[in-house]
Amino acid sequence: WRATAFLEEARASARIGSPHIVDVLDTVELPDGRPMIAMELLHGITLRQLMSGSPLTPHRALAIARQIAKGLRAAHEAGLLHLDLGPDQVMLVERSGQQDFVVLLGFGGAQLLPPQDNAHRRGVVRRMTLPGGRHEHDARADVRALGTLLYEMLCGIPPFDPRDPSAAPVPPSQMVRGLSRRLDATVMRCLRPDPAARFQTMADLDTALAKVGETTSEAQASGGAALSTVLRTLAPAVASLWAAWSAWTTGHQRHVPAAR
């Protein structure tokens, strides 16, 4: 039964059709009964290798998180949960000239549940273990997992201390100077211990991250426009100062006696 379920989920993940999910090329059962999955060969690094204990810039972290959300959203809409998302399950490759293109791994080892309803046609038996030993097995667990990854990308450390897993994480804005309040609030909402207080679907989180990206772009554009305005305002004064300096130095040189 386990081998059959393993292959069934692999075939299901192959039907997701998202560029952010690793392609499953074939599924077979070996003569000894063991299942085998053939996946696309990826050339890149994992998110863990990229971070290496150091934070990423907010812009880069957000770009990676948005792609993860899109991949998970497609999986959820196809009825598949991940429930094992971590930095080793996120591959970063170059694709069509784009650096840090996200491809998610780890869908091939879970087991499918029987169909239940139209909203959640499929799920996986695997459960996500949360701080305090609690378990979750719905879409909101993947929301929390993505929030955990985004926190670590921004801050360079995981949000939860293994020595005190029940302790509330420090908001990223207290660790990263200049972090937008909207991004800070989005991350902290993902990490709330009560699933009902988080984003309820990956689509909701995907939309929230897109709005954070829009706000960041607008702020950058506004800052650039403000700088241009300041430079235009200062340009005449700078030009006048330069002309005065040039005139003074020229006149000074004329009155300096020649060395004998």
Side-chain angles (χ1 to χ4, degrees), residues 16-21 47 50-51 55-78 80-83 85-87 89-90 92 95-96 98-104 119-120 128 136 138-160 168-228:
I16 295 175
S18 169
H20 297 295
I21 304 293
L47 181 57
L50 175 66
M51 292 188 295
L56 307 182
T57 64
H59 176 77
R60 191 177 191 184
L62 181 59
I64 291 173
R66 291 181 66 182
Q67 294 180 77
I68 297 173
K70 292 184 183 301
L72 290 175
R73 177 176 181 174
H76 288 186
E77 291 174 351
L80 284 172
L81 305 177
H82 195 291
L83 300 184
L85 184 67
Q89 305 291 349
V90 179
L92 301 168
R95 185 166 292 180
S96 300
Q98 178 182 342
Q99 300 289 337
D100 290 346
F101 189 91
V102 169
V103 181
L104 300 180
H120 299 87
M128 174 172 287
E136 291 184 12
D138 65 17
R140 296 169 299 183
D142 280 346
V143 166
R144 185 181 175 101
L146 178 48
T148 299
L149 282 182
L150 181 51
Y151 186 104
E152 187 168 355
M153 284 191 282
L154 292 169
C155 302
I157 59 173
F160 301 104
V170 176
S173 59
Q174 296 185 21
M175 303 180 66
V176 182
R177 181 178 300 177
L179 196 69
S180 74
R181 287 182 292 180
R182 175 168 280 184
L183 178 54
D184 191 61
T186 299
V187 174
M188 294 304 290
R189 183 176 176 184
C190 291
L191 299 177
R192 289 178 182 172
D194 181 6
R198 300 176 206 151
F199 295 98
Q200 295 301 287
T201 68
M202 192 57 64
D204 292 340
L205 177 53
D206 186 21
T207 300
L209 291 173
K211 290 181 179 179
V212 172
E214 292 170 0
T215 302
T216 303
S217 299
E218 291 172 359
Q220 291 175 340
S222 176
L227 179 60
S228 297

*So, the side chain of R198 versus the backbone of R189: is there a donor-acceptor pair under 3.5 Å, distance only?*
no
_P169 and M188, any side-chain heavy atoms less than 4.5 Å apart_ = yes
*asked:* Could you work out, with side chain to side chain donor-acceptor pair (under 3.5 Å) as the rule, every residue matching S173, not counting sequence neighbours?
replied: D184
*Would you mind reporting whether P195 and R144 have side-chain heavy atoms less than 4.5 Å apart?*
no
*Among all residues two or more places apart in sequence or in another chain, which pass the side chain to side chain donor-acceptor pair (under 3.5 Å) test with Q200?*
R140
_Side-chain heavy atoms of P158 within contact of Y151, under 4.5 Å_ = no
*Look only at the side chain of S18 and the backbone of H20, and say whether a donor-acceptor pair between them is shorter than 3.5 Å.*
yes
_Pairwise distance CG(L72) to CG(D206) - rounded to 0.5 angstrom_ = 9.5 Å
*Decide yes or no for L47 and M153: does some side-chain heavy atom of the first lie under 4.5 Å from some side-chain heavy atom of the second?*
yes
*asked:* Among L154, L62, D100, I64, which residue satisfies the side-chain contact (heavy atoms from CB on, under 4.5 Å) criterion with L56?
replied: I64
*Atom CZ of R181: over 12 foreign heavy atoms under 6.0 Å*: no
*Test side chain to side chain contact (heavy atoms under 4.5 Å, CB included) applied to Q98 and Q67, step by step*: CA-CA 12 Å; Q98 178 182 342; Q67 294 180 77; 3.5 Å; yes
*Can you find a pair of side-chain heavy atoms, one from F199 and one from T207, that are under 4.5 Å apart?*
no
*With distance as the sole test, does R192 use its side chain to make a donor-acceptor pair with the main-chain N or O of A197 at under 3.5 Å?*
yes
*asked:* Test side chain to side chain contact (heavy atoms under 4.5 Å, CB included) on L85 and I68; report intermediate values, then the result.
replied: CA-CA 10 Å; L85 184 67; I68 297 173; 4.1 Å; yes
*asked:* One pair to check against side chain to side chain contact (heavy atoms under 4.5 Å, CB included): C190 and L150. What are the steps and the verdict?
replied: CA-CA 10 Å; C190 291; L150 181 51; over 6 Å; no
*Are I21 and V103 close enough, and set up right, to give a side chain to side chain contact (heavy atoms under 4.5 Å, CB included), and what steps lead you there?*
CA-CA 5 Å; I21 304 293; V103 181; over 6 Å; no
*Using the side-chain contact (heavy atoms from CB on, under 4.5 Å) rule, pick out the option among D142, T201, V143 that qualifies with H76.*
D142
*Side-chain touch P19/F101, heavy atoms, less than 4.5 angstrom*: yes
*asked:* Please report the interatomic distance CG(D204) to OG1(T186), rounded to the nearest 0.5 Å.
replied: 11.5 Å
*asked:* Would you compute the distance between atom CG of L209 and atom CG of L183 and round it to the nearest 0.5 angstrom?
replied: 8.0 Å
